[in-house]
Amino acid sequence: MLPERHHGRPLTGTEQKRLDELARRLSDDDPQLAAALQRGRAESPPSSPRPLASRKAVAVAALLVVLATVLGGVVGTGAMLLVLGITIGVKALVRRSRR
């Protein structure tokens, strides 16, 4: 199933049997992936920059929560609630845009 590649030491008979069994099971379970691996490349969905933007938004929100905690009092509590609301809103927008 997999393209022949020779790196390092050759496989033992037991290792080769195990590899052949895994290849057969993969071919049975997911023929498209097996075919892609046979061609030498597996296709993956294109990644988008949104997860990075989402991570940045969460990092900024976490920083603001830390600052609000340090400030304490009514101002800190209000800031934490604001940050929590913004974070939930950003996550909802990101999820909605993925649909």
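Heavy atoms only: backbone and side chains are in, while hydrogens, waters and symmetry mates are out.
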> For Leu93, what are the other residues in its hydrophobic cluster, where any two members join if their side-chain heavy atoms are less than 4.5 angstrom apart?
Replying inline: none
>> Going by the rule side chain to side chain donor-acceptor pair (under 3.5 Å), which residues pair with Thr12 if we only count those two or more places apart in sequence or in a different chain?
In response: Glu15
> What residues form a side chain to side chain contact (heavy atoms under 4.5 Å, CB included) with Ile86, not counting sequence neighbours?
Replying inline: Leu82, Val90
> Knowing that exactly one of Lys17, Arg18, Arg24 qualifies, which makes a side chain to side chain donor-acceptor pair (under 3.5 Å) with Glu21?
Replying inline: Arg24
> Which other residues belong to the hydrophobic cluster containing Leu84, where Ile, Leu, Val, Met, Phe, Trp and Tyr are joined when side-chain heavy atoms lie under 4.5 Å apart, directly or via other members?
Replying inline: Ile88
> Any sub-3.5 Å donor-acceptor pair from Thr87's side-chain atoms to Val83's backbone N or O?
Replying inline: yes
> Can you name the residues that form a side chain to side chain contact (heavy atoms under 4.5 Å, CB included) with Asp30, not counting sequence neighbours?
Replying inline: Leu26, Gln32, Leu33
